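Step one of this worksheet: look at the structure below.
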Number of protein chains: 2
Amino acid sequence: MRGPPWWRGKLKDAGFRLTLPRQIILNVLTTTPKHLSAEEIFLLVHKKYPGIGLATVYRTLDLLTDMNLISKFDFGDGRSRYELIGRSRKGYHHHLVCVGCGRIVNFSDFAERERSFIQNLEIELSQRYKFKIDSHRIYFYGVCKDCQ
Amino acid sequence: MRGPPWWRGKLKDAGFRLTLPRQIILNVLTTTPKHLSAEEIFLLVHKKYPGIGLATVYRTLDLLTDMNLISKFDFGDGRSRYELIGRSRKGYHHHLVCVGCGRIVNFSDFAERERSFIQNLEIELSQRYKFKIDSHRIYFYGVCKDCQ
DNA sequence: CTACTTGCAAATAATTTGCAACCAG
DNA sequence: CTGGTTGCAAATTATTTGCAAGTAG
C-alpha cells in the first residue's frame, strides 16, 4: 500500500475531484473481496468516517460504475452488489450463486476454454441481431455444500 | 386455445386453487412474448378484469416463480421481469441486452454447441466448489442497431 | 474563488404485508 | 362450510433527489 493508490489517476483524468468520501469508499472496495451491497459498504465506510452519508455512497458507486471501475450486480435478493473490476485479465470472472443461502462464489477457472466458445457466439449474435456486443455475464445457480 | 389450459393441472396438482386472477394472469403470460414487469402485467390484466389488484399480481408471480412455471429476471433497470418457461427444450434461451435502450432479445440459436461447453463446466464447478448446480443464465450486453 | 461534492431530510419506486371480506372446492 | 385467496391501504425497502453548506483545485 505504498505510493498513490491506483485509482487516483483514474479519477483525476476523468475530471473528478479526489475527495475524502471517494477515497474511503474506494479503499474499502479495494481491500474487500466480497460482493458488497451499498449498505454494507456504507457501514464499513461509516466506521472509519462517520460523517459520510449513505447517499454519498450511492452516488459514488454510481460514478464508479459509470467509470467502469466497479461492476454492479444483481443476484436476486433485491439489493445491488458491487465489486471492483480488476485492472488485468485477472479480474475476469463469473458467479456461482447458492439459491439456498445466497452465497456467491467467483470463478474464472475456465477462462481459456470460454474464450473461443464465447467469441464465436459473439460474432454470430452480432451479425444476426445487429448488436455491437461488448460484454457478457454467466451465472450458475445451485445449492452449496452447507445448504444441501 | 381449445380444451383446458395447460397450466390448469399444474396448479391443481400442486394444491393451489384455480382462481380467476390466476387464470387471467397466466393467460396474459401465455399470450405475450415479451419480458413483462409486474406493473405491465398488472395493466394488461387490469384491462380484462379491473378488480384485480397489483398485490395479487405480485403474489401470483411469486407463486408461479416458486412453481417454476415462470422465470424472474433482472435486467438492471430496477424492476423485475417475468417470462413463461417453455414446457419443452424450446423454452431454453438466454438474453441479449441493449445497454442503450434496455431492449432485450431472446436467443437460443446455439443451444447445441452450448450444451457440451456448459456440461463440462458444470461438472468441474460442482466438484471444485461442492455445489449441486441446477441451472445457468448467460447475458450478453451491447448496443442494438437503433442505439448505435 | 467557484464549481463540483456532500449530508441531511424528504421524495420516489418497487415490492410486501395486515386484515377483513370472498369464494373455490 | 372453511381455509386458501383477494383487494385495499398502509408499511417496508432500496435508491434518488433537492438544496444549502463544504471544499478541492
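Chain naming here is simple, since letters A, B, ... match the order of the sequence lines and numbering starts at 1 in each. What you see is a predicted model, and the numbers here were worked out from it, not measured in a lab.
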Exercise. Give B/Leu20 one of three labels, base, sugar-phosphate or nothing, depending on what nucleic acid heavy atoms sit under 4.0 Å from its own.
Key: nothing
Practice problem: Compare the minimum distances between each of C/dT15, D/dG18, D/dG7 and the side chain of B/Leu54, then state the nucleotide with the smallest one. | Solution: C/dT15
Self-check item: Centroid-centroid distance, B/Phe75 to B/His35, less than 6.0 Å
Solution: yes
Exercise. Could you tell me whether the phosphate oxygens of D/dA14, OP1 or OP2, come under 4.0 Å of any side-chain nitrogen or oxygen in A/Ser80?
Key: no
Quiz prompt | cation_pi(A/Arg103, B/Phe131) dist<6.0 Å, angle<=45 | solution = no
Practice problem: Hey, which sits more toward the 5' end of DNA chain C by its nearest nucleotide, B/Phe16 or B/Ala55? | Solution: B/Ala55
Quiz item: Within the structure shown, what part of the strands sits under 4.0 Å from A/Arg17 by heavy-atom distance: base, sugar-phosphate, or nothing?
Solution: base
Exercise. Can you tell me the distance, in whole Å, between the CG atom of B/Asp77 and the P atom of C/dT15?
Key: 9 Å
Exercise. Give the rounded distance in Å between these two atoms: CG of A/Asp66 and P of C/dT5.
Key: 13 Å
Practice problem: Go through C/dG25, D/dT6, D/dA14 for me and flag the one nearest to the A/Arg79 side chain. | Solution: D/dA14
Exercise. Using only side-chain N and O atoms of A/Tyr58, determine if any of them is under 4.0 Å from OP1 or OP2 of D/dT15.
Key: yes
Quiz prompt | Verdict with supporting geometry, B/Gln127 and B/Glu124, side-chain contact (heavy atoms from CB on, under 4.5 Å) | solution = CA-CA 5 Å; B/Gln127 294 175 342; B/Glu124 196 172 319; 5.6 Å; no
Quiz item: Which nucleotide in the list D/dT15, D/dT6, C/dG7 gets nearest to the side chain of A/Tyr49?
Solution: C/dG7
Quiz prompt | Touch class at under 4.0 angstrom, heavy-atom based, for A/Arg59 against every strand present | solution = base
Quiz item: Nearest-Å distance, CZ (A/Arg81) to C1' (D/dT13)?
Solution: 14 Å
Quiz prompt | Aromatic A/Tyr141 / basic B/Arg137 pairing, under 6.0 angstrom, 45° off normal | solution = yes
Quiz prompt | Between C1' of D/dA14 and CD1 of A/Ile41, the distance in whole Å | solution = 14 Å
Quiz prompt | Nearest-Å distance for atom pair NE2/P, residues B/His46 and D/dC8 | solution = 8 Å
Quiz item: Passes side-chain contact (heavy atoms from CB on, under 4.5 Å), B/Leu125 versus A/Phe107? Steps please.
Solution: CA-CA 8 Å; B/Leu125 291 173; A/Phe107 65 88; 3.8 Å; yes
Exercise. Can you tell me the distance, in whole Å, between the CZ atom of B/Arg22 and the P atom of D/dG7?
Key: 11 Å
Quiz prompt | B/Arg79 (side chain) donor-acceptor with B/Ala38 (main chain) under 3.5 angstrom | solution = no
Self-check item: d(CD1, A/Ile52; C1', D/dT23) in whole Å
Solution: 14 Å
Quiz item: For D/dA24, does OP1 or OP2 lie under 4.0 Å from any side-chain N or O of A/Lys12?
Solution: no
Quiz prompt | Contact under 4.0 Å: A/Thr56 side-chain N or O vs C/dT5 OP1/OP2 | solution = no
Quiz item: Among the nucleotides D/dG7, C/dT6, D/dT6, which one has an atom lying closest to any side-chain atom of A/Thr19?
Solution: C/dT6
Quiz item: Counting any heavy atom closer than 4.0 Å, what does A/Ser37 reach on the DNA or RNA strands: base, sugar-phosphate only, or nothing?
Solution: nothing
Quiz item: Can you tell me how far C1' of C/dA13 sits from CD of B/Glu39, to the nearest Å?
Solution: 9 Å
